[in-house]
S.K.: 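A single structure is presented below for examination.
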Number of protein chains: 4
Amino acid sequence: MQQPARRRQVNRLPRERRVAEILEAARAVFAQSGYENALISDIAERAGVVEGSIYRYFENKRDLLTKVVEHWYGGFLADDESQFPSVRGTWNRLRYIIWHHLSTIHGEPALSRLVFTEFRPNPAYRSTTLFALNRRYTSRVIAVVKEAVAAGEFRADVPANLVRDMIYGCIEHYTWAFVRGEGDFEVDATADRITDIVYRGLAAKPEAAPDPMMSPIARLERLADRLEAAVAAQNRKTP
Amino acid sequence: MQQPARRRQVNRLPRERRVAEILEAARAVFAQSGYENALISDIAERAGVVEGSIYRYFENKRDLLTKVVEHWYGGFLADDESQFPSVRGTWNRLRYIIWHHLSTIHGEPALSRLVFTEFRPNPAYRSTTLFALNRRYTSRVIAVVKEAVAAGEFRADVPANLVRDMIYGCIEHYTWAFVRGEGDFEVDATADRITDIVYRGLAAKPEAAPDPMMSPIARLERLADRLEAAVAAQNRKTP
Amino acid sequence: MQQPARRRQVNRLPRERRVAEILEAARAVFAQSGYENALISDIAERAGVVEGSIYRYFENKRDLLTKVVEHWYGGFLADDESQFPSVRGTWNRLRYIIWHHLSTIHGEPALSRLVFTEFRPNPAYRSTTLFALNRRYTSRVIAVVKEAVAAGEFRADVPANLVRDMIYGCIEHYTWAFVRGEGDFEVDATADRITDIVYRGLAAKPEAAPDPMMSPIARLERLADRLEAAVAAQNRKTP
Amino acid sequence: MQQPARRRQVNRLPRERRVAEILEAARAVFAQSGYENALISDIAERAGVVEGSIYRYFENKRDLLTKVVEHWYGGFLADDESQFPSVRGTWNRLRYIIWHHLSTIHGEPALSRLVFTEFRPNPAYRSTTLFALNRRYTSRVIAVVKEAVAAGEFRADVPANLVRDMIYGCIEHYTWAFVRGEGDFEVDATADRITDIVYRGLAAKPEAAPDPMMSPIARLERLADRLEAAVAAQNRKTP
DNA sequence: AATGAATGAGCCTTCATTCAT
DNA sequence: AATGAATGAAGGCTCATTCAT
């Protein structure tokens, strides 16, 4: 039976605000401690509420985690999907997608890790909202690839879903060390390199025109630059 | 409530045997239940010993898991490393490596999952025996790529470590559904497809070029690639 | 997690009506879930009010239960007490009382159960309004019995209060299975049978020799058997 | 992860003993506080163990209660069933049964109450061990009644199961006040009174014939009863 | 009068690990 | 070496009740 009990100052907030505050607190705590080690009591304290209040808005700890991650996804997906359409050209689009994923991981390694460890391995993942969001997020690679194939820009026999796995798999493999907290990585440079290798690997006429703007003259100029540089470097080393 | 537990027949065994039995039991239980949900008591029962006995041979639950996984790795690495040298040709070697990883995951999805969820995300992973084993396991991709580059079979500007990430990342991304217990995949066919896309993406002279003759510009570009690679190699040796 | 809870239309109602609606909702919920498992929030929702409003009309959950049960009692007691006086004759009166109790349980097994489990065992029961109501309800048995004794219809040495306990106890014991939700019982037939056995058990001049087949001679023969057996047993023990 | 933690003096006991001690402690605590209010921590402390130890032997709080009550039942049922067969004569047998139930309630009102409130109302009661035990316990009334009917001692149309309900219902109704903690009752005198009213109510030829003088046969029968009872008592004492 | 957000006390339960026998 | 009884820390969750709006 509940006892009356001395109350602390009640701080009334509209539902929306309260939920937002709890989500934010939970995000911070989950990011810092991981799911298992996160304490509801810590989250409550950080949100400035009592433990029980959390259960007014969230079914249980797991649900809270899910909501945090979905909220996060929802946030950047909206941005992302408004930006993406304005990017033109296959290379640029792939680069944007790759850059975005790298950037997301770079910005929230701890949340990314939660997705990788708490959601994706879960047998029920497929029937999850997060799965659906992620699908939406990753399927654009497939669309881009198919369009490029249709346009003759990519080889006709490119399996689009493997390309998707390759891109996301590569990124996530590459960033594991950072996600674990070891060192750092450069988002832009890495995006360039991955995009390059992928693009060139898929292009129908390899170096022959990733960028249609590049005229033979321009290519020869680049070549000259590179040769000069190489020779100069050689001289520097073995004078 | 535990069962009445009739006094078990005391059964002395040489240390080796006992350890092997516990490892096997632990492997089965961890594979079935995952790390958190696995119970020492289940492992003990399956191994035909009492809980306390496990602590004679293993420091704690985590240590037991580690030993299980290292034992598993040790097992297939030995085989693998004896097989690999006899595989000739870049395509074949890549194919072997890719096939092997697919095959490993296909054979032990649950243990693979443990590696993905319990070890790799761990901040201390890098200083782990498993990390070292894995390094040995995956670094062959780098060797193969570098050799192929040196031989002019792959483009000169291919970043070997990105290729490694791409291959392992792709495989793991591709197999997540299976690891979660959804559906199945064909090891051989998948190995072929991944090898193909990777190889063709890196090959200096893509077969798919309608006209096998390179343009003069392309030849010059290859020359530049080689020069750059040579300089880079030079630098590495005489810094 | 509670539902988003769109702001309900404020709906002012006269106190009487509001109380009645809450009582009805509470009755349904308590009947369905029992006291412990009933949720104030469920009751509120069903009554179309908000939790806090319940506390304007009832002190607490327990008080609400009490009011529900008293209200129920009040309802059938009024009917009952207006009917009873018109029933004539001891047998008919007993039958009516028994029938009424059976009928009450049959009509509201869940509420009956609440009385049996939540009120009667309570140490404070005796100082309860419900106790008083119940007393009024059951004491008529005593009146009937005493009148029948006075009239010579029942044996002179019949302890009226034991008869009361016997009647109500029998009924409640007999109906437990039904109250638990197992099967059903026939109110009328059962009332007949219980009334019969009670009436004949108390009647001063039983209507007939129950078993006409048993002659005095047979009884004497049985007696002889028993006496012999007793004596023989005696001899065996204390020779 | 469990911390090492300072230990108190470990007090090793064979399973049997430990279980017995926990049962005893639980019995006391449940009897004192009822099920809901009983604390596992109190039980543990009283048993001289740590809370967790209780869960080695009992699945949960409910299971513990169940075991306590079954143990209690088991205890008196054994005694009871060894005594009963030596009681001779219908009157004596009924009296013994009634006396035993009164005596049980008198000796353990709190446990009796637990049975009445926590077990019997439960929808699953019927599939319970306790139900089976209770069945065994109460069904003897039916056997006795049927035998008496067969022997012509009771009226032929007596419904045995109603008699059982009447006896147990009467006893329990009668003892509610005591079970609630109000006052006391005399086991023996009450047993006599209930037995009398039941016996006379069922007897084929009630002694209560208008003429208070018993018939010679009836007097002899009573005599036989007493002799039998005496012999039975004798046997119990000098086996 | 009505709303509904916020409170908060505290119990049951788990299970890796230890250590007396 | 083997047993298995005992430990004990700690955290998720519930829900009647209050009270600011």
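We name chains A, B, ... by the order of the sequence lines, and we start the count at 1 in each one. Small disclaimer: the values here were computed from a predicted structure and weren't measured.
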S.K.: Mapping B:S53 and D:L39 to their closest nucleotides on DNA chain E, which lands nearer the 5' end?
M.R.: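 The residue mapped nearer the 5' terminus is D:L39.
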S.K.: Just wondering, do A:R120 and B:R180 contact through their side chains at under 4.5 Å, heavy atoms?
M.R.: yes
S.K.: Would you mind reading off the distance between A:D63 atom CG and F:dG12 atom P, rounded to a whole angstrom?
M.R.: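 After rounding, the reported distance stands at 14 Å.
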S.K.: May I ask you to test the B:K61-B:F30 pair for a side-chain heavy-atom distance under 4.5 Å?
M.R.: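 In contact.
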S.K.: Look through every strand shown and name the nucleotide pairing with E:dA6 as Watson-Crick or G-U wobble, where both distances are under 3.5 Å.
M.R.: F:dT17
S.K.: How long is the line joining OH of B:Y35 and C1' of E:dC15, in whole Å?
M.R.: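 That distance rounds to 11 Å.
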S.K.: Without decimals, in angstroms, what is the distance between A:I22 CD1 and E:dA6 C1'?
M.R.: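 One finds 10 Å between C1' of E:dA6 and CD1 of A:I22, rounded.
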S.K.: Between B:Y55 and D:S41, who's closer to the 5' end of DNA chain E by nearest nucleotide?
M.R.: D:S41
S.K.: From E:dT17, F:dA5, E:dC12, pick the nucleotide closest to the side chain of D:I40?
M.R.: E:dC12
S.K.: Report yes if the distance between the aromatic ring centroids of C:Y125 and C:F119 is under 6.0 Å, otherwise no.
M.R.: no
S.K.: Please report the distance, rounded to the nearest Å, between CG in D:L13 and P in F:dT7.
M.R.: 10 Å
S.K.: With a 4.0 Å cut-off on heavy atoms, is A:A47 in touch with a base, just the backbone sugar-phosphate, or nothing at all?
M.R.: nothing
S.K.: Side chain of B:R56, heavy atoms from C-beta onward: which of E:dT13, E:dT17, F:dA2 has the nearest atom to it?
M.R.: F:dA2
S.K.: Tell me whether the NZ or CZ atom of A:R62 lies within the 45° cone about the ring axis of A:Y35 and under 6.0 Å from its centre.
M.R.: yes
S.K.: Give a yes or no on this: more than 12 heavy atoms of other residues, nucleotides or ligands lie within 6.0 Å of atom CD of A:E70.
M.R.: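 Above 12, so yes.
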S.K.: Between atom CZ in C:R17 and atom P in E:dA2, what is the gap in whole Å?
M.R.: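 Rounding to the nearest Å, CZ of C:R17 and P of E:dA2 are 12 Å apart.
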S.K.: Map C:E36 and D:I54 onto DNA chain F by nearest heavy atom, then report which one ends up closer to the 5' terminus.
M.R.: D:I54
S.K.: Is any N or O donor-acceptor pair between the side chain of A:R18 and the base of E:dA5 shorter than 3.5 Å?
M.R.: no
S.K.: How many whole angstroms separate atom CD of C:E45 from atom C1' of E:dT3?
M.R.: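 For the pair C:E45 CD and E:dT3 C1', the rounded distance is 15 Å.
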S.K.: Watson-Crick or G-U wobble partner for E:dC12, using a 3.5 Å limit on both distances?
M.R.: F:dG11
S.K.: May I ask which nucleotide in the shown strands pairs with E:dA1, Watson-Crick or G-U wobble, both distances under 3.5 Å?
M.R.: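 Per the H-bond distance test, none.
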S.K.: Is it the case that E:dC12 (base atoms only) and D:E51 (side chain only) share a donor and an acceptor within less than 3.5 Å, ignoring hydrogens and angles?
M.R.: no
S.K.: Would you kindly give the OH-to-P distance between A:Y57 and E:dT7, to the nearest whole Å?
M.R.: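 Taking atom P of E:dT7 as the reference, OH of A:Y57 is at 9 Å.
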S.K.: Please report the distance, rounded to the nearest Å, between CD in C:E16 and C1' in E:dA1.
M.R.: 16 Å
S.K.: Between C:G52 and A:K61, just flag the one whose closest nucleotide in DNA chain F comes earlier from the 5' side.
M.R.: A:K61
